[in-house]
Asker: 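Handing you a structure now.
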4 protein chains.
Amino acid sequence: MGLDPGRRSIGARRNPDSADAILDAAEAVLVEAGYSGFSIEAVARRARAGKPTIYRWWPSKAALLFDVYQRLKRVDHPDTGNLEDDLVGFLKSLFSHWRETSSGSIFRSLIAEAQSDATVAAVLAEYTKGRHAHTGQMVERAKARGEVAADVDATLVADLVASFAWTHLLTNRLDADETTLRRAVGYVLKGIEADGSVDPAAVRRGRRRVIGRVTG
Amino acid sequence: MGLDPGRRSIGARRNPDSADAILDAAEAVLVEAGYSGFSIEAVARRARAGKPTIYRWWPSKAALLFDVYQRLKRVDHPDTGNLEDDLVGFLKSLFSHWRETSSGSIFRSLIAEAQSDATVAAVLAEYTKGRHAHTGQMVERAKARGEVAADVDATLVADLVASFAWTHLLTNRLDADETTLRRAVGYVLKGIEADGSVDPAAVRRGRRRVIGRVTG
Amino acid sequence: MGLDPGRRSIGARRNPDSADAILDAAEAVLVEAGYSGFSIEAVARRARAGKPTIYRWWPSKAALLFDVYQRLKRVDHPDTGNLEDDLVGFLKSLFSHWRETSSGSIFRSLIAEAQSDATVAAVLAEYTKGRHAHTGQMVERAKARGEVAADVDATLVADLVASFAWTHLLTNRLDADETTLRRAVGYVLKGIEADGSVDPAAVRRGRRRVIGRVTG
Amino acid sequence: MGLDPGRRSIGARRNPDSADAILDAAEAVLVEAGYSGFSIEAVARRARAGKPTIYRWWPSKAALLFDVYQRLKRVDHPDTGNLEDDLVGFLKSLFSHWRETSSGSIFRSLIAEAQSDATVAAVLAEYTKGRHAHTGQMVERAKARGEVAADVDATLVADLVASFAWTHLLTNRLDADETTLRRAVGYVLKGIEADGSVDPAAVRRGRRRVIGRVTG
DNA sequence: TGCTAATCGAGACGGTACGTCTAGTCTTTTT
DNA sequence: AAAAAGACTAGACGTACCGTCTCGATTAGCA
C-alpha cells in the first residue's frame with residue numbers, strides 16, 4: 001500500500017509516489033469506510049500525507065474521487081455487429097465492473113458529491129456527455145448497418161441506456177441478471193407496443209407471435 | 001414562515017406547529033443554501049426549534065428531507081387513453097414539478113443522502129419500488145386496452161422511464177423540451193429499429209428476417 | 001427504592017410517596033452516578049416522576065440536595081465532660097458519617113453547588129452558622145467547667161474545627177485516623193485551655209495574664 | 001483583550017497567542033459570568049478560538065481553570081522571624097489575593113469542579129499537598145528557632161490554617177479582619193509552642209519569657 | 001558549489017456541524 | 001388542585017472534519 005513512512009519531498013516538483021499513495025488511500029478509505037467515512041482527513045491519515053499535499057493537487061473531495069474513478073474505469077463498448085448484443089454487453093460489463101471493483105462505490109459517491117457541489121456537477125455533466133457520445137457510437141454503427149432508423153437520436157438512446165444503469169447503481173440494484181438487461185434493451189430497440197410486433201420472450205423461445213398489420 | 005417566537009409545548013404530545021415550522025424551515029434552508037448548506041443545525045436555527053425536537057421526530061437528515069418531499073410531491077399519472085400521452089404527460093409534469101418547486105432539490109438531496117446512509121437507501125428503494133408500481137399501472141392500462149403486448153414487464157418499463165427522469169434531475173437537465181421527452185418515450189414504446197420489424201434472433205444468426213408489413 | 005411504577009396523583013394535595021420517591025431517587029442517583037451524574041432529569045427518571053413535580057417542591061438542584069442531606073444528617077455533639085474528647089468524638093462521628101453514608105457525597109455536592117448558585121450559598125452560609133453555634137456549645141460547656149478561658153471565641157473554634165472537616169471531605173481525606181484528629185484538636189485546644197496560659201487579647205493589649213502553674 | 005481576529009496557526013506547534021487569548025478569555029468569562037456561566041463554549045467565543053483548540057491543550061474545564069489560577073497565584077510565605085506573624089501575614093495576603101483578583105473565584109470553581117471530576121480531585125489533592133508542605137516550612141523554620149516543639153506535625157498545622165482559608169473562601173467570608181485571623185492563628189499557635197507558655201509578644205521582641213513550669 | 005524555490009509530512013488554527021444531554025417551562029390528562 | 005407525562009426552546013457537551021497556515025527538512029535546477 002502507499003504507507004511509505006519515509007516518503008519525503010523529492011525537490012521542487014510533484015512526488016509521484018505521494019500522488020499514488022494518496023489515490024491508493026482514497027480508494028481504500030472509500031472501500032473500507034464508505035462514502036460517509038470518506039474524508040480528506042482520513043485519506044491523508046491513510047496515505048501518511050499532509051492535508052495540504054492533497055489540497056495542492058486536488059481542489060476538492062470530488063476531484064480526488066474523479067481521479068480514483070478514472071484510474072479504474074475501463075469499460076469497453078463491444079462491437080458484435082449487432083446493436084442488441086452491443087448494448088447488453090455494454091450494460092453487463094458496466095454492471096459487473098461497478099459490482100466487482102470499487103468503481104461502483106466511487107461513481108456513486110461522485111454523483112452524490114455533484115448534488116452539493118456545482119463545479120463537480122459541471123465536471124460530471126461534461127463527463128457524462130462524453131460517455132453518451134461514446135456509447136452513442138454503438139447506435140451510429142447500427143445505423144450504418146441499417147439496423148436502426150437514420151433519424152434516431154443516438155445520444156438520446158445512450159442516455160436512456162445509461163440512465164438505466166445509473167439508477168440501478170444508485171439504488172443498489174446492480175445484481176440485475178442478463179435476462180432483465182436484455183429485456184430492457186429490447187424495449188428500447190423494438191418498443192413495447194402490441195403491433196411493434198415482436199414478443200422478445202417468444203423470439204427467444206424461437207417462436208414468433210405476429211400481432212398486427214399482417215395481411216394474407 | 002414558521003418563525004413563531006412564542007411557540008411552546010402544548011402538553012405531552014407533539015406540537016404540530018413545531019413540526020410545520022421545522023418542515024418549512026427545512027425546505028427554506030434547502031432552497032436558499034442548497035444541499036451542502038442543509039444541516040439540522042441550520043434548520044433548527046431557522047425554525048427557532050431546539051435540535052432535540054428535530055431529532056425526536058426525524059432520526060436523520062434524510063428522514064426530514066423525505067417528509068419535506070412528501071409534503072410537496074403531487075405528480076399525477078394521467079389517463080389519456082393513450083400510453084404515449086400518458087408517459088409524456090407524466091414526464092412533463094414530473095420535470096416541471098421538480099423544476100418549479102423545491103422538490104427537485106429535495107429529491108436530489110435525498111438520492112445523494114442515500115449514497116452515504118444505508119437506512120436512507122433502503123427507504124428510497126422502497127419508495128422507488130412503490131412509484132414504479134404506480135407508474136407501471138399506466139402500462140397495465142395500455143395492456144388492458146391491447147396497446148401493449150401482454151407479456152411486457154410494466155415495472156421494467158416504469159423503471160426505464162423513471163431512470164431517464166432521475167438522471168436528468170441529477171445532472172441538471174430538467175430543461176428537456178417536450179419533443180425530447182416524446183422522442184424518448186417513443187423509443188421505448190415503438191423501438192428504434194429500422195422498421196420495427198427485425199427478428200433479433202435472425203440478426204444474431206447474421207441474417208435478417210423481415211417480419212412485419214409483409215404482404216403476400 | 002422509590003421505583004413505584006404505578007404511583008399516581010392522589011388528588012389535589014401533595015403526594016408524600018412522590019416526595020419520598022424523589023428523595024430516595026436523588027440519593028440513589030448521587031450515590032450511583034456521583035455529583036456529575038446528578039441531574040433533575042436523572043432523578044425524575046429514577047423516581048418515575050415528572051420534572052415539574054420536582055420543580056414544584058424544590059426550586060433548585062441544591063434545595064433537593066439539602067433535603068436529602070437533612071434526612072440523613074444525625075451527628076451528635078457528645079458531652080464527655082472533657083473538651084478534647086468532645087471535639088475528637090465530634091470529628092470522628094462526622095467523618096464516619098460522611099464516609100459510611102451517602103451524606104458525604106451529598107454535602108460535597110452541596111458545597112460545590114453553592115459555588116455557582118448564590119441562593120444556595122446563602123442557605124449554606126446560614127446552615128453553617130447554625131452548625132458552628134451548635135458545635136460552639138461544646139466549647140461553651142468547657143468554658144463553664146473552667147477548661148477554657150472565658151474570652152475565647154467559641155464560634156471561631158468551631159469554625160477552625162469544622163473547616164478542618166470540610167477540607168478533608170472536599171479533598172477525599174476522610175480516612176484520617178483518630179490519632180491525626182486528636183493531634184489536630186490538640187493543637188487547637190492547648191492554645192485555648194485555661195492553663196494554655198496566654199490570653200491573646202491581653203497580649204495584644206500589652207499585658208499578660210498569667211494563668212497557671214506559675215510559681216514564685 | 002484577546003480578541004485578535006486574525007490569529008492563525010503558526011505551524012505545527014502551539015501558538016502561544018492562542019493560549020494567552022484563551023486564558024485571558026477564561027478569566028474574563030469567570031469574572032463576568034461566574035462559575036455557572038463558565039463553559040468551554042463561552043471561553044471559545046470570547047477568545048475567538050475554536051473549541052478543539054481549547055480541548056487540544058486543556059483536557060477539561062478544570063485544567064483550564066487550573067492554568068488560569070496558576071497564572072495569577074503569587075502568594076508569598078513571609079519570613080518575619082516569628083511564626084504568628086508569618087501565618088497571619090500568609091492568611092492576610094491569601095485572603096486579599098483571593099478577594100482582589102479573580103483568583104478567588106477561580107479557586108472556588110476549581111474546588112467545585114473537583115467534586116464532580118475525579119481527575120481534577122487528584123490534581124487538586126496533589127496541589128494542596130504541595131501547598132501544605134510549602135506552608136509547613138514556616139512551621140519548620142519556627143521549629144528551628146525553637147519556637148515550636150520538635151514533634152509538631154508541620155503539615156497538619158498548615159492543613160489547619162489552609163482549611164480555615166478554604167472554608168472562608170467557599171462561604172464568602174473573605175472579609176475577615178486581621179483581628180480574627182490573628183485570633184484564629186493564636187488558637188493554633190499557643191498549642192504548639194515548645195511548652196505551651198511563650199508570650200508571642202515577647203518572642204517578637206526577640207526574647208523568651210518562660211511562664212510555665214518554672215521552678216524556683 | 002551554493003542559492004533559490006517548490007514540495008513534502010506534520011499538525012495547529014478558527015470554524016461549523018454533529019448527535020446527546022440537561023435545564024427549566026408549558027400543557028393536557030388523570031385522579 | 002396536584003401529579004404523571006412528556007414536548008418545547010435553548011444551549012453546552014466533546015468529537016470529527018473542513019480548508020488554511022506555518023514550520024523545518026529535502027532536493028532539483030539555476031547561478
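Here is the naming used below: chain letters follow the sequence lines, and residue numbers restart at 1 for every chain. If you're wondering where the values come from, they're calculated on a predicted model, not measured in any experiment.
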Asker: Which pair of non-hydrogen atoms, one from C/V120 and one from C/A62, has the smallest distance, and what is that distance?
Answerer: CG2-CB, 3.1 Å

Asker: Between D/P52 and A/Y55, which residue's closest nucleotide on DNA chain F lies nearer the 5′ terminus?
Answerer: D/P52

Asker: Are any of the side-chain nitrogens in D/D17 or D/R8 under 4.0 Å away from the carboxylate oxygens of its partner?
Answerer: no

Asker: On DNA chain F, nearest-nucleotide positions of D/A42 versus D/A12: which is more 5'?
Answerer: D/A42

Asker: Strictly below 4.0 Å: does B/R13 bring a side-chain N or O up to OP1 or OP2 of F/dA5?
Answerer: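 Looking at the OP1 and OP2 atoms of F/dA5, neither is under 4.0 Å from any side-chain N or O of B/R13.
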
Asker: Using heavy-atom distances to pick each residue's nearest nucleotide on DNA chain E, tell me which of B/S39 and D/W57 is more 5'.
Answerer: D/W57

Asker: Using only heavy-atom distances, decide whether a donor-acceptor pair under 3.5 angstrom links the side-chain of D/S9 to the base of E/dA12.
Answerer: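 Donor-acceptor pair under 3.5 Å: yes.
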
Asker: Could you tell me whether D/R13 sits above the aromatic face of D/W57, with NZ or CZ closer than 6.0 angstrom to the six-membered ring centre and within 45 degrees of the axis?
Answerer: no

Asker: Give B/T53 one of three labels, base, sugar-phosphate or nothing, depending on what nucleic acid heavy atoms sit under 4.0 Å from its own.
Answerer: base

Asker: Would you indicate which nucleotide in E/dA23, E/dG9, F/dG14 comes nearest to any side-chain atom of C/I40?
Answerer: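 Looking only at heavy atoms from C-beta outward on C/I40, the closest nucleotide is E/dA23.
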
Asker: Quick one: is C/K61 getting a side-chain N or O under 4.0 Å of the E/dA23 phosphate, OP1 or OP2?
Answerer: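 Result: yes.
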
Asker: Over how many whole Å does the gap from A/R48 atom CZ to E/dC8 atom P extend?
Answerer: 17 Å

